[in-house]
Amino acid sequence: MRPATATAAAVTTLIGVGAAVIAAGRYASDVALRAPSGRPLPGDPRLTVHATGPERITLTRSIASLRPGTYGMEATGLHAVLGPVLDRVPHTADTVVRRLERVELGVLGPGARVRLTPQLHRGTPISALGLAQEDVEIPGELGPLPAWLVAAPRTTWVIALHGLGTTREHPLNLVPFYNRRKIPVLVPAYRGDEGAPPSPDGLAHLGDSEWRDVDAAIRYAVRRGARKVVLHGWGTGASMALRAAAESGVRDRIGGLVLDSPVLDWEATLRNLAAAHHVPGPLLPLAVRAAQGRTGPHGDLLQAVSEPDALRVPVLLFHGPDDTIAPWEPSVELAARRPDVVSLQTVRYAPHASMWNADPVRYEESLRRFLTPLL
């Protein structure tokens with residue numbers, strides 16, 4: 001009986017270990033894929049406000065606070081907008097002084113712990129930008145999707161698609177640019193966003209299923225009079241745009257793609273998200289396997305869109321080597337594989353989905369040149 005007892009104990013131990021491994025993988029995948037819409041992506045540290053003054057703010061010196069460009073700054077009950085680093089004012093060894101553009105919400109003072117974000121605006125097109133909007137509902141696969149429509153005369157529309165860690169407020173950074181050029185902009189929510197239907201499994205799929213809501217948005221725009229659409233996406237929104245261009249039944253209506261920090265390597269981005277949330281290194285492979293088991297197989301998006309028949313419209317791609325969420329190298333590879341349609345604009349010193357923030361003037365000039373022949 002002793003050998004049998006030992007065998008039973010060993011089997012019980014193995015079952016227990018297996019259950020623990022499954023539970024650990026499920027936990028790690030939850031951390032990466034259950035982040036609610038609008039929750040900031042992990043990675044950058046919180047910064048301490050040391051002082052404020054007329055049109056300036058002093059922050060803890062770090063890679064984040066030294067980045068060039070314009071960013072939002074958030075804390076609980078606080079939203080402000082930061083401009084570039086001020087070079088002609090004194091800085092200490094531990095601090096950096098930036099231009100303070102405005103405080104939109106809350107009171108900003110010394111001691112506040114803040115985080116930088118690519119979102120400059122809070123609110124809606126009318127409340128944040130003074131631009132008239134129509135609140136519309138797009139019939140989606142899972143139910144109605146709320147959207148903002150900022151109307152304009154042209155018949156080529158832009159559909160603006162936010163990514164992980166942001167909301168519909170993120171595309172408001174570019175809405176004034178499009179409005180000045182009389183281009184209608186549709187800014188939809190998609191599954192998992194506030195006000196939109198939840199994903200059936202409660203998980204983000206990094207664009208692999210969410211793209212079907214982009215397909216619904218294209219069909220809505222066409223019904224409203226759009227002859228062509230340009231899809232402008234950030235992060236997973238950029239991946240959704242690529243999926244739609246390759247697989248949508250109405251992809252003939254897509255005239256071009258603007259991609260900011262696209263997620264082209266699903267597994268690498270999942271690992272990066274889990275690691276940034278402090279999931280221990282040994283659990284990262286388990287997170288990938290658990291996520292694949294729960295969300296289904298994920299095809300190689302880079303390979304899929306590299307095929308000549310998959311991508312037949314011009315693509316303006318903004319990405320850079322400082323993105324710690326979606327690796328830059330697959331974007332470089334996509335541009336190398338498809339130089340006939342892809343133009344890569346390399347942006348340095350910019351975190352994920354923040355290529356516009358790093359240099360708004362250069363970004364918008366590249367965008368203007370790209371759009372001109374498409375209108």
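Note that the numbering runs from 1 along the sequence shown for the chain.
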Return yes if some donor-acceptor pair links the side-chain N/O of Asp359 with the main-chain N/O of Arg362 below 3.5 Å, else return no. yes
For Tyr349, is the OH atom crowded, meaning more than 12 foreign heavy atoms sit under 6.0 Å from it? no
Let me check something: do Tyr71 and Val97 share a hydrophobic cluster, defined by ILVMFWY side-chain heavy atoms less than 4.5 Å apart, either directly or through other members? no
Carboxylate-amine/guanidinium proximity below 4.0 Å for Glu364 and Arg368: no
Main-chain N/O of Ile325 paired with Asn272 side-chain donor or acceptor, under 3.5 Å: yes
Non-hydrogen atoms of Leu100 and Ala80 that approach each other most closely: CD1-CB, 4.3 Å
Keeping Glu169 on the side-chain end and Gly123 on the backbone end, is there a donor-acceptor pair under 3.5 Å? yes
For the pair Arg113 (side chain) and Ala75 (backbone), establish whether a donor and an acceptor sit closer than 3.5 Å, ignoring hydrogens and angles. no
Thr236 side chain to Ser239 side chain, donor-acceptor N/O pair below 3.5 angstrom: no
Test your reading of the model: is there a side-chain donor-acceptor pair from Trp356 to the backbone of Val361, 3.5 Å cut-off? no
Cluster overlap Val187 with Leu129, hydrophobic side-chain contacts below 4.5 Å: yes
Kindly work out whether a path of hydrophobic side-chain contacts (I/L/V/M/F/W/Y, heavy atoms less than 4.5 Å apart) joins Trp211 to Val258. no
Go through the steps for Asp208 and Arg243 under the test salt bridge (Lys or Arg N to Asp or Glu O under 4.0 Å), then give the verdict. CA-CA 8 Å; Asp208 272 11; Arg243 289 280 184 202; 3.0 Å; yes
Does Leu242 share a hydrophobic cluster with Met355, counting links as ILVMFWY side-chain heavy atoms below 4.5 Å and allowing steps through other members? no
Could you pull out all donor-acceptor pairs under 3.5 Å where a side-chain atom in residues 83-90 meets a protein atom, sequence neighbours excluded?
none

His162 and Tyr190, any side-chain heavy atoms less than 4.5 Å apart: yes
Less than 4.5 Å apart, side chain to side chain, heavy atoms only: is that true for Pro125 and Val150? yes
Among Val305, Leu344, Val342, find the one that has a side-chain contact (heavy atoms from CB on, under 4.5 Å) with Val315. Val342
Could you go through Val185 and Trp157, starting from their C-alpha distance and side-chain angles, then the distance that decides it, and tell me whether this counts as side-chain contact (heavy atoms from CB on, under 4.5 Å)? CA-CA 6 Å; Val185 184; Trp157 289 31; over 6 Å; no
Looking only at atom types and distance, does a side-chain atom of Thr166 sit under 3.5 Å from a main-chain N or O of Gly163, one as donor and one as acceptor? yes
Would you say Thr48's side chain and His50's backbone share a donor-acceptor pair under 3.5 angstrom? no
Verify the neighbour count for atom CZ of Arg348: are there more than 12 heavy atoms of other residues, nucleotides or ligands below 6.0 Å? no
Within 6.0 Å of CZ in Arg102, more than 12 heavy atoms from elsewhere: yes
Just wondering, do Arg338 and Val341 contact through their side chains at under 4.5 Å, heavy atoms? yes
Close side-chain approach of Leu316 and Leu371, heavy atoms under 4.5 Å: no
Grab the two heavy atoms, one from Leu259 and one from Ala241, that are nearest each other, plus how far apart they are. CD2-CB, 4.1 Å
Does Ile63 have more than 12 heavy atoms from other residues, nucleotides or ligands lying within 6.0 Å of its CD1? no
Starting from Val175, can I reach Leu375 by hopping between I/L/V/M/F/W/Y residues whose side chains sit under 4.5 Å apart? yes
State, yes or no, whether a side-chain contact exists between His319 and Gln345 at a heavy-atom distance under 4.5 Å. no
When you measure from the side chain of Arg154 to the backbone N and O of Ile183, does any donor-acceptor pair fall under 3.5 Å? no
Can you confirm whether Val81 sits close enough to Thr70 that some side-chain heavy atom of one is under 4.5 Å from a side-chain heavy atom of the other? yes
Atom pairs and distances, donor-acceptor, side-chain atoms in residues 130-143, under 3.5 Å, two or more places apart:
residue, atom, partner, partner atom, Å
Gln133, OE1, Thr124, OG1, 3.2
Gln133, OE1, Ile126, N, 2.9
Gln133, NE2, Asp135, OD1, 3.1
Glu134, OE1, Arg224, NH2, 3.0
Glu134, OE2, Arg224, NH1, 3.4
Glu141, OE1, Arg191, NH1, 3.4
Glu141, OE1, Arg191, NH2, 2.7
Glu141, OE1, Arg212, NE, 3.1
Glu141, OE2, Arg212, NE, 3.2

Are Arg369 and Glu365 close enough, and set up right, to give a salt bridge (Lys or Arg N to Asp or Glu O under 4.0 Å), and what steps lead you there? CA-CA 6 Å; Arg369 293 182 180 184; Glu365 177 58 20; 2.9 Å; yes
Quick one: do Thr95 and Leu59 satisfy side-chain contact (heavy atoms from CB on, under 4.5 Å)? Show the steps, please. CA-CA 5 Å; Thr95 62; Leu59 297 166; over 6 Å; no
Which pair of heavy atoms, one from Leu66 and one from Arg98, lies closest together, and at what distance? C-NH1, 4.0 Å
If only atom types and distance count, is the side chain of Asp260 paired as donor or acceptor with the main-chain N or O of Trp234 below 3.5 Å? no
Would you say Arg56's side chain and Thr52's backbone share a donor-acceptor pair under 3.5 angstrom? no
Stepwise side-chain contact (heavy atoms from CB on, under 4.5 Å) check, Arg168 with Glu194: CA-CA 10 Å; Arg168 282 190 288 163; Glu194 183 178 356; over 6 Å; no
Is there a side-chain contact (heavy atoms from CB on, under 4.5 Å) between Arg181 and Tyr178? Walk through the geometry before answering. CA-CA 5 Å; Arg181 283 152 186 81; Tyr178 286 122; 6.0 Å; no
Determine whether more than 12 heavy atoms belonging to other residues, nucleotides or ligands lie under 6.0 Å from atom CD of Glu247. yes
